There are 2 protein chains.
Amino acid sequence: MTIPRNAVSAKDVAEAAGVSRAAVSRTFTPGASVSPTTRAKVLAAAERLGYHVNHLARGLITAESGIVALIVAELDTPFRSRLLAALTEKLQADGKVAMLINTDRSDESVKGALRQAISYRTDAAVVLSGMPDPALGDLCIRNGLRLVLINREEGRPGALHIRLNDAACGAQAFEALRRIGCVRPAVATSRSATTSLRLRAEGFAHAAEDAGLPATREAIGVTSYAAGLDLGTALLSRSEPPDGIFCTTDLLAFGVLDVARQRFGRRVPEDLSVIGFDDVAQAGWDAYRLTTFAQPVDEISESIVSWLDGNGAADDLVELDAHLVWRDTVSMPSR
Amino acid sequence: MTIPRNAVSAKDVAEAAGVSRAAVSRTFTPGASVSPTTRAKVLAAAERLGYHVNHLARGLITAESGIVALIVAELDTPFRSRLLAALTEKLQADGKVAMLINTDRSDESVKGALRQAISYRTDAAVVLSGMPDPALGDLCIRNGLRLVLINREEGRPGALHIRLNDAACGAQAFEALRRIGCVRPAVATSRSATTSLRLRAEGFAHAAEDAGLPATREAIGVTSYAAGLDLGTALLSRSEPPDGIFCTTDLLAFGVLDVARQRFGRRVPEDLSVIGFDDVAQAGWDAYRLTTFAQPVDEISESIVSWLDGNGAADDLVELDAHLVWRDTVSMPSR
DNA sequence: AACTTGTTTGCACAGGTGTGCAATGCCTGA
DNA sequence: TCAGGCATTGCACACCTGTGCAAACAAGTT
C-alpha cells in the first residue's frame with residue numbers, strides 16, 4: 001500500500017509558482033536553461049513550501065546517487081574514527097554524502113555490507129576493514145559501483161588502492177632505535193594482523209637483521225589496548241628484556257607503556273624506548289607523549305575524493321608516506 | 001543525459017527467468033504471493049546475474065527509504081564515536097542503514113545537514129550535536145521525517161527526546177567527594193556548554209551549596225583534552241586549590257589529571273580526587289583509572305531504534321540513568 | 001460436468017525526477 | 001514588415017520498483 005508521506009514534490013512547487021514541472025526541475029539543475037523570472041518564481045515557491053529535490057528519484061535518472069558507502073569495523077577506535085571524520089568531511093565538501101556500514105571482522109558481515117551498498121546504488125564503496133573474498137569485488141563492478149581499498153594488499157583491477165610505506169616505516173623505526181643505542185630491539189603486534197601491520201613488523205625485523213641485531217617478535221590478541229598490556233608483560237618478562245619496542249599501532253603502544261611503567265618500573269625513555277603507529281590524539285597527551293608515525297589522514301581522504309571525481313581511469317594505486325613524529329618516548333638523537 | 005550504469009534490474013531477472021517482472025518484485029517482497037516454483041526460478045536467475053533490489057526506487061514507492069541520518073559534530077571524539085558505533089550497529093540489526101552527516105558547531109552547518117537528510121528522504125534524523133534553530137524542526141516534520149534529539153533541552157512535540165539524569169549525577173558526584181572528606185570541591189566544564197553539561201555542573205554546584213561547601217566553578221574553552229589542561233592549571237593555581245574536582249566530561253578529566261600529576265605534583269587520589277563523565281575507553285586505561293559516570297550507550301541506541309519501529313505515537317521522552325563507575329581517582333568510601 | 005473456492009500471474013499505474021524534442025515567444029537586422 | 005536566430009518552455013518518455021485488479025488456473029465439491 002502506498003503510504004502518503006506528503007513530502008513536497010516538484011509538482012507542488014510547479015502549481016504554486018504557475019509554471020511547468022520541468023521548469024522546477026531545471027531551476028535546480030545546474031546549467032539548465034531557465035529564464036531569471038521563472039527561476040525567481042520557482043525559488044520563491046520552493047522556499048515557501050519547503051521543497052527539497054528528492055535525491056532518490058534523481059539518482060534513479062542520473063545513475064549517480066551521490067552516496068558513498070564507508071565499510072568499517074571497530075569504528076569506535078581512535079584511528080578509525082579520525083579517518084572516518086576526515087573522510088566524511090571531504091566527501092561532504094565535494095557534494096557527496098556518506099553511508100556508514102558497520103561490520104565485524106567476519107567475511108559474512110562484509111559481504112552483507114557490500115550488498116547493502118549495492119542495494120542503495122552507492123556510487124562507490126570505501127573498505128576500511130578487511131575484504132577477504134575476491135568474488136565480492138566482481139559483484140561490485142558488475143553492479144557498477146567503484147571500489148576503494150585502504151591498506152589492503154589484494155590487487156583488484158579498476159579499484160583504487162591506497163597504501164602506506166609501511167615496510168619503510170618499520171625500517172625507519174629500527175633505525176631510530178639503533179641510533180640512540182638500543183641493542184635489544186623488539187616488535188610488538190597483534191595476532192589478527194592485517195597486511196599493513198605485517199609489513200610494518202617485517203620492515204622492522206628485516207632492518208634489524210641486516211644490522212646484526214635480530215629483533216624479538218611478539219604477537220598477541222587483537223589490536224587493542226588490552227593486547228598492548230599483554231604484549232608488554234610478555235616482552236618485559238623475558239630473561240633478556242628489550243630496550244626498544246616498536247608497536248605496530250598506538251593502541252598497543254599505550255598498553256605497553258602503561259605496563260612497563262607501572263608494573264615493571266621502567267622509566268621511559270631512559271630505560272626503554274617505545275615507538276607507535278597512527279598518531280592518534282592520545283599520543284599527544286601528557287600521559288604518553290608517544291613518538292609515533294603519523295598517518296596522512298587528510299591526504300588519504302583527498303586522494304579518494306579526487307579519484308571519485310575523476311573518471312576512474314586514472315592510476316589506481318596511491319602510495320602515501322607516514323612520517324615520524326618525535327615526542328618523548330624516544331630520546332632525541334641530536335646529541 | 002542518462003548514463004547507463006548497467007546495474008542489474010528486475011526486468012533483466014524477469015527475462016532471464018522467463019517470468020513477469022511482477023513475479024520478481026513479489027519474490028523479494030516479504031509476504032507476497034508467489035508459487036514456490038517461480039520463486040525458485042527467480043532466485044536462481046537473481047543469484048546468477050547478481051541482482052539486488054534498488055532501494056532508491058523502492059523508497060520512491062513505499063515512502064520509507066530505510067535510511068536514518070545521524071547528524072554529529074566532532075565524531076572523532078571518544079564518546080561520540082562510541083555512541084555512533086552502537087547506534088549504527090542497532091540500526092543495521094533492525095534492517096535500517098545509517099547516513100552519516102558531519103557538522104561543525106555552526107547553525108548553518110546543521111541546517112545544511114538537515115536539508116541533506118530531507119533531500120534523501122531519510123526516515124528519521126538523529127541529532128547528536130546542537131540544533132539551535134527551532135524553525136528547522138518544523139522543516140523536518142513538514143517533510144515527514146522524524147526527529148530524535150539526544151541530550152537536548154529544546155522541547156519539540158512529535159520528536160523523541162533522550163535525556164540523562166545529568167543533574168542527579170552532578171549531585172551524586174558531589175556526594176561521593178564529600179563522603180571521602182573533600183572540603184574544597186570544584187567543578188570543571190567547558191565554555192561551549194551544551195544543556196547536559198550545564199545540568200551536570202549545576203547539579204554539582206547546588207548539592208555543594210546545600211551542603212554548605214560552595215564549589216569553585218571554572219569554565220574554559222571547548223570540550224577537549226587541551227581545555228582540561230587549562231582547567232587543571234587554573235584550578236590548581238588558585239590560592240586555595242580544590243581537593244576534589246568533578247569534570248563534566250572524561251576528556252576534560254584526563255587533562256586535569258595529567259596537569260595535576262605532572263605539573264603540580266599532586267598524587268591521585270591521596271591529594272586530589274577527580275570524577276569524570278562518559279566512561280570512554282581511555283577511562284579504563286591504567287594511566288588514568290578514572291572514576292566516572294557511564295552513559296548507557298546501548299540503551300540509548302535501543303530506545304531510538306524501538307521508537308523508530310513504533311508508529312511514533314508512543315511517549316516522546318525517554319529518561320535514562322548514567323551510573324557511577326568506581327575506579328582509582330577517588331578513594332573508595334568503604335572504610 | 002458444472003460450480004465454487006483459493007492461489008498464482010500479468011497488466012498497468014503511480015511515485016518524483018532529468019532531459020530530448022518540438023513548439024513558442026522575443027528580439028535583431030534588413 | 002518579414003525572416004532569421006536564439007532563449008525559453010511544455011510535453012512526454014525513461015528510470016525501477018510495489019501493488020490493486022482482473023484474468024487464468026488448479027483443486028475440490030455437488
Side-chain angles (χ1 to χ4, degrees), chain A residues 1-42 46 49-67 118-123 143-144, chain B residues 1-42 46 49-67 118-122 143-145:
Chain A
M1 174 176 44
T2 301
I3 305 167
R5 186 189 167 133
N6 69 12
V8 186
S9 79
K11 188 177 157 199
D12 303 330
V13 177
E15 291 174 0
V19 297
S20 78
R21 195 191 54 74
V24 178
S25 179
R26 284 191 243 265
T27 300
F28 291 99
T29 305
S33 162
V34 209
S35 75
T37 55
T38 54
R39 178 186 196 81
K41 278 193 291 184
V42 169
L49 298 179
Y51 170 70
H52 290 76
V53 177
N54 187 334
H55 278 54
L56 271 53
R58 170 181 283 179
L60 214 50
I61 296 285
T62 63
E64 289 194 15
S65 61
I67 308 175
I118 293 175
S119 290
Y120 280 97
R121 296 304 188 263
T122 293
D123 288 345
N143 282 83
Chain B
M1 175 176 44
T2 301
I3 304 167
R5 187 190 166 131
N6 69 13
V8 187
S9 79
K11 189 178 156 196
D12 303 330
V13 178
E15 291 174 359
V19 297
S20 78
R21 195 190 56 72
V24 179
S25 178
R26 285 191 242 265
T27 300
F28 290 99
T29 305
S33 162
V34 209
S35 75
T37 54
T38 54
R39 179 186 195 81
K41 277 193 291 185
V42 168
L49 298 180
Y51 171 71
H52 291 75
V53 177
N54 188 336
H55 277 54
L56 271 52
R58 170 181 283 179
L60 212 52
I61 296 286
T62 63
E64 289 193 13
S65 61
I67 308 176
I118 294 175
S119 290
Y120 280 98
R121 295 304 187 266
T122 293
N143 283 84
L145 74 78

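Remember, it's a predicted structure, so these values are computed and weren't measured experimentally. Residue numbers begin at 1 in each chain, while the letters A, B, ... track the order of the sequences. For the numbers below, each heavy atom of this structure counts, side chains included, while hydrogens, waters and symmetry mates do not.
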Give each protein N/O atom lying under 3.5 Å from an N/O atom of nucleotides 5-7 of chain D, with the pair distance.
none

Nearest-Å distance for atom pair CZ/P, residues B:Arg121 and C:dG15: 14 Å
Show which side-chain atoms of residues 29-42 of chain A pair as donor or acceptor with protein atoms under 3.5 Å away, not counting sequence neighbours.
{"from": "A:Thr29", "atom 1": "OG1", "to": "A:Ser25", "atom 2": "O", "distance (Å)": "2.8"}
{"from": "A:Ser35", "atom 1": "OG", "to": "A:Thr37", "atom 2": "OG1", "distance (Å)": "3.1"}
{"from": "A:Ser35", "atom 1": "OG", "to": "A:Thr38", "atom 2": "N", "distance (Å)": "3.3"}
{"from": "A:Ser35", "atom 1": "OG", "to": "A:Thr38", "atom 2": "OG1", "distance (Å)": "2.9"}
{"from": "A:Thr38", "atom 1": "OG1", "to": "A:Ser35", "atom 2": "O", "distance (Å)": "3.0"}

Pairwise distance CD(A:Glu15) to CZ(A:Arg21) - rounded to 0.5 angstrom: 11.5 Å
Nucleotide C:dT17, atom P - distance to CG of A:Leu60 in whole Å: 12 Å
d(NE2, A:His52; C1', C:dG16) in whole Å: 16 Å
5' priority, DNA chain C, between B:Ala22 and B:Arg58 [closest heavy atom]: B:Ala22
For atom OH of A:Tyr120 and atom P of D:dT17, their distance in whole Å: 14 Å
For atom CG of A:Leu56 and atom C1' of C:dG18, their distance in whole Å: 15 Å
Whole angstrom value for the distance that separates P of C:dT9 from NZ of B:Lys41: 8 Å
Over all atoms of both residues, closest heavy-atom pair of A:Asp12 and A:Ala7: OD2-O, 4.0 Å
Residues which pass side-chain contact (heavy atoms from CB on, under 4.5 Å) with B:Leu56, listed by chain and number, not counting sequence neighbours: A:Leu56, A:Ser65, A:Tyr120, A:Arg121, B:Asn54
Rounded distance (Å) that lies between atom P of D:dG18 and atom CZ of B:Arg21: 8 Å
Phosphate OP1/OP2 of C:dT17 contacted by A:Tyr51 side-chain N/O (<4.0 Å): yes
Divergence of helical axes at both termini of the helix from C:dA1-D:dT30 to C:dA30-D:dT1 - five pairs an end, 10° steps: 50°
5' priority, DNA chain C, between B:Ala23 and B:Ala57 [closest heavy atom]: B:Ala23
Heavy-atom pair with the smallest gap, counting every atom of B:Thr122 and B:Leu145: O-CB, 3.4 Å
Length of the line joining A:Asp12:CG and C:dG16:P, which is rounded to integer Å: 8 Å
Residues which pass side chain to side chain donor-acceptor pair (under 3.5 Å) with B:His55, listed by chain and number, not counting sequence neighbours: none
DNA chain D contacts among residues 25-32 of chain A, heavy-atom distance under 4.0 Å: A:Arg26
